[in-house]
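Scroll down for the structure; my scribbles are underneath it.
Just so it is clear, the values below take in all heavy atoms, side chains as well, and ignore hydrogens, waters and symmetry mates. Each chain gets a letter, A, B and so on, in the order its sequence line appears, and its residues count up from 1. Keep in mind it's a predicted model, so treat the numbers as computed, not measured.
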Protein chains: 2
Amino acid sequence: MAKVQKTIAERLQDIQNELTRAERQLASSLLANYPMSGLSSITAVAEHAEVSTPTVIRMVRKLGFEGYPQFQAELRKELEATITTPITRHEKWAGNAPDTHILNEFTGVVVDNIQQSLSQIDPTVFDQACQLLSDQKRSIYITGGRITRALADYFFMHLQMIRKHVHNMESRSSSWPHYILDMNAGDVLVMFDVRRYENSSIKLAELAKNQKLKIILFTDQWRSPVSKLADLTLCSRISVPSAWDSSVVTLLLLEAIVAKTQKSTWDSTKNRVEELENLFDQTKFFRKF
Amino acid sequence: MAKVQKTIAERLQDIQNELTRAERQLASSLLANYPMSGLSSITAVAEHAEVSTPTVIRMVRKLGFEGYPQFQAELRKELEATITTPITRHEKWAGNAPDTHILNEFTGVVVDNIQQSLSQIDPTVFDQACQLLSDQKRSIYITGGRITRALADYFFMHLQMIRKHVHNMESRSSSWPHYILDMNAGDVLVMFDVRRYENSSIKLAELAKNQKLKIILFTDQWRSPVSKLADLTLCSRISVPSAWDSSVVTLLLLEAIVAKTQKSTWDSTKNRVEELENLFDQTKFFRKF
DNA sequence: CTGCTGGTGAAGTAAATATTTCAGAATAAA
DNA sequence: TTTATTCTGAAATATTTACTTCACCAGCAG
């Protein structure tokens, strides 16, 4: 079994007696508030320990590094390993596959994306979005682009189960004027726009703003230009090892919004959902199991 | 009481809207593994984010620092405060929300679903599915149910970019005979069927079997009855704290399949994709940024 | 299409950091 | 005291890093 690499701190301790006076002075200064003190420039480190810069270099070489930058890089790596243990890293997701299998690789990145996206989301924005979508006095209009069409459909279908007045806008921008004609101030426009941002989106957002609509935008980490006009923007990380981007995080957000909206409006929507279930049962279109 | 100084991460979040494209790209790169990525030289940071060094300086100035070294010093200070107070265990997904917030609850369950689904997937089944879908001699037919319609559409759109002869079957079962008429032995039928399994799915699967089609089925952990007829079955865990089920894991599988299929057929599909990109460029329908 | 504006990075410059050299200080042994 | 040896930092040099300038190009208003 491979020997675990010693930390720089340990190595410093080990070679203590091979060090000269000035070097020991330096070492003790470094260990004093390890490892932060090693992250500044060689000059700062030398001054802080009250030794000369050549002393720093000589000692670093005794540790086996080629030069100060190499030493510093190692220190950074060490530090990174220390602070990034927030989640137990799954080496493998698909148990039977080697961890180089695309399933494992892909899944790892997606889970990272989830974590990072979530950590950057402002929960009040999320809550406000749910708030707007629960308000039955507002009509909801949903629109997606080439890629996000499917997400828009999915969201539409679920919202439709929860509440009235949900409209799934056609993709063709020529059909938008008809929708816009019907929109009232305070209505909500849900837009999806991810990279290869569509020119038409901006136009639509502007029209909607003129009608005093509230805009909820789902976009990627680089933010569609629509975000300047949107009232609420929710960003997802979408890069994965693939020729195309991932929609997983966005879908997760949509489902979470549906879950919360459904919970908060359960009293008023309970009947609606039950009726729907009955209708499906009656058509014998679905089997129970 | 004095206002607590915001962290650089928070400040970066705050000014997102005032940032330009390249700057956002940089900000996102910095936040990606914050704060370690900010501790190397300006050159390294710029390269890592794939922007130029002037962009780094400009953004750092927008944050109110005089120059990069000042920015870096602040980061170090922040990091020092963090590591000397190791309270920062990541119990939460959405950083600012309490862990009882639905975002955290929901996300936790979804990530569990991902892990469990993946651990139960046979990678050879996954590989075989990719294999079938890469084979340009076979036509592909895709069909989804009420809930899974959006997933089917999403999959269709991506496969269509990769290869020829992909067909998105209408939902109405009355239209299926037309498709079945065109199917040849060896063609592939991709089916989606999750709970509240649809009666019509079984019928379609039987018809397809008669035509000697290969069936790839996406279903839930309890398995649609179609799985008895399917050649390859891929199951996802779908329960979440919501009135409805989650499609996140299924979407993840679809994207992974697309990624692998695209990679394995890249030589032959490269031109197809590039041509497609050109067409989109020519229609000026999308903007570059 | 035309001329603007603002964002961007290549290239050049300034400033620092890192490294080498070397003279002299400190130490130890004769 | 000499003499050899080792250690040290000032100063010179090499290398990187930080910053500035500017031409170019995309996007956009007219």
Next item on the list: Under 4.0 Å from any heavy atom of chain A: name the first and the last nucleotide of DNA chain C that qualifies, 5' to 3'.
Entry: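 Result: C/dT17 to C/dT20.
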
[X] side chain to [Y] side chain, donor-acceptor N/O pair below 3.5 angstrom:
X: A/Q221; Y: B/S28; result: yes
X: B/N17; Y: A/R223; result: yes
X: B/T55; Y: B/S52; result: yes

Starting at [atom1] of [X] and ending at [atom2] of [N], how long is that distance when rounded to a whole Å?
X: B/I42; N: D/dC19; atom1: CD1; atom2: C1'; answer: 8 Å
X: B/R21; N: D/dC28; atom1: CZ; atom2: P; answer: 13 Å
X: A/Q25; N: D/dT8; atom1: CD; atom2: C1'; answer: 11 Å
X: A/L26; N: D/dC7; atom1: CG; atom2: P; answer: 15 Å
X: B/F71; N: D/dC19; atom1: CZ; atom2: C1'; answer: 16 Å
X: A/I202; N: D/dC28; atom1: CD1; atom2: C1'; answer: 12 Å
X: A/Y197; N: D/dA26; atom1: OH; atom2: P; answer: 18 Å
X: B/Q72; N: D/dC19; atom1: CD; atom2: P; answer: 10 Å

Check: Which of residues 51-69 of chain A have a heavy atom under 4.0 Å from DNA chain C?
Finding: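 A/T53, A/P54, A/I57, A/R61, A/G67, A/Y68, A/P69 - these, ordered by number, are the residues of the stretch whose heavy atoms sit under 4.0 Å from the strand.
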
Checklist line | Lys/Arg-Asp/Glu bridge criterion (N-O < 4.0 Å) met for B/D14, B/R11 | finding: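 No, this pair does not count.
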
Note to self: Between A/R195 and A/D245, does any NZ, NE, NH1 or NH2 come within less than 4.0 Å of an OD or OE carboxylate oxygen?
What the structure shows: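 Yes, this pair counts.
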
Next item on the list: Determine, step by step, whether A/L204 and A/E198 satisfy the side chain to side chain contact (heavy atoms under 4.5 Å, CB included) criterion, reporting the C-alpha distance in whole Å, the side-chain angles of both residues, the deciding distance to 0.1 Å, and the verdict.
Entry: CA-CA 10 Å; A/L204 176 60; A/E198 299 184 25; over 6 Å; no

Next item on the list: Write out all pairs satisfying salt bridge (Lys or Arg N to Asp or Glu O under 4.0 Å) with one or both partners inside residues 44-58 of chain A, taking only residues at least two apart or from two chains.
Entry: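 Found none.
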
Check: Are the aromatic ring centres of B/H101 and A/F126 under 6.0 angstrom apart?
Finding: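 Yes, the ring centres sit under 6.0 Å apart.
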
Margin query: Classify the ring geometry of A/F155 against A/F218: parallel below 30°, tilted from 30° to 60°, perpendicular beyond 60°.
Written below: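 A/F155 and A/F218: perpendicular rings.
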
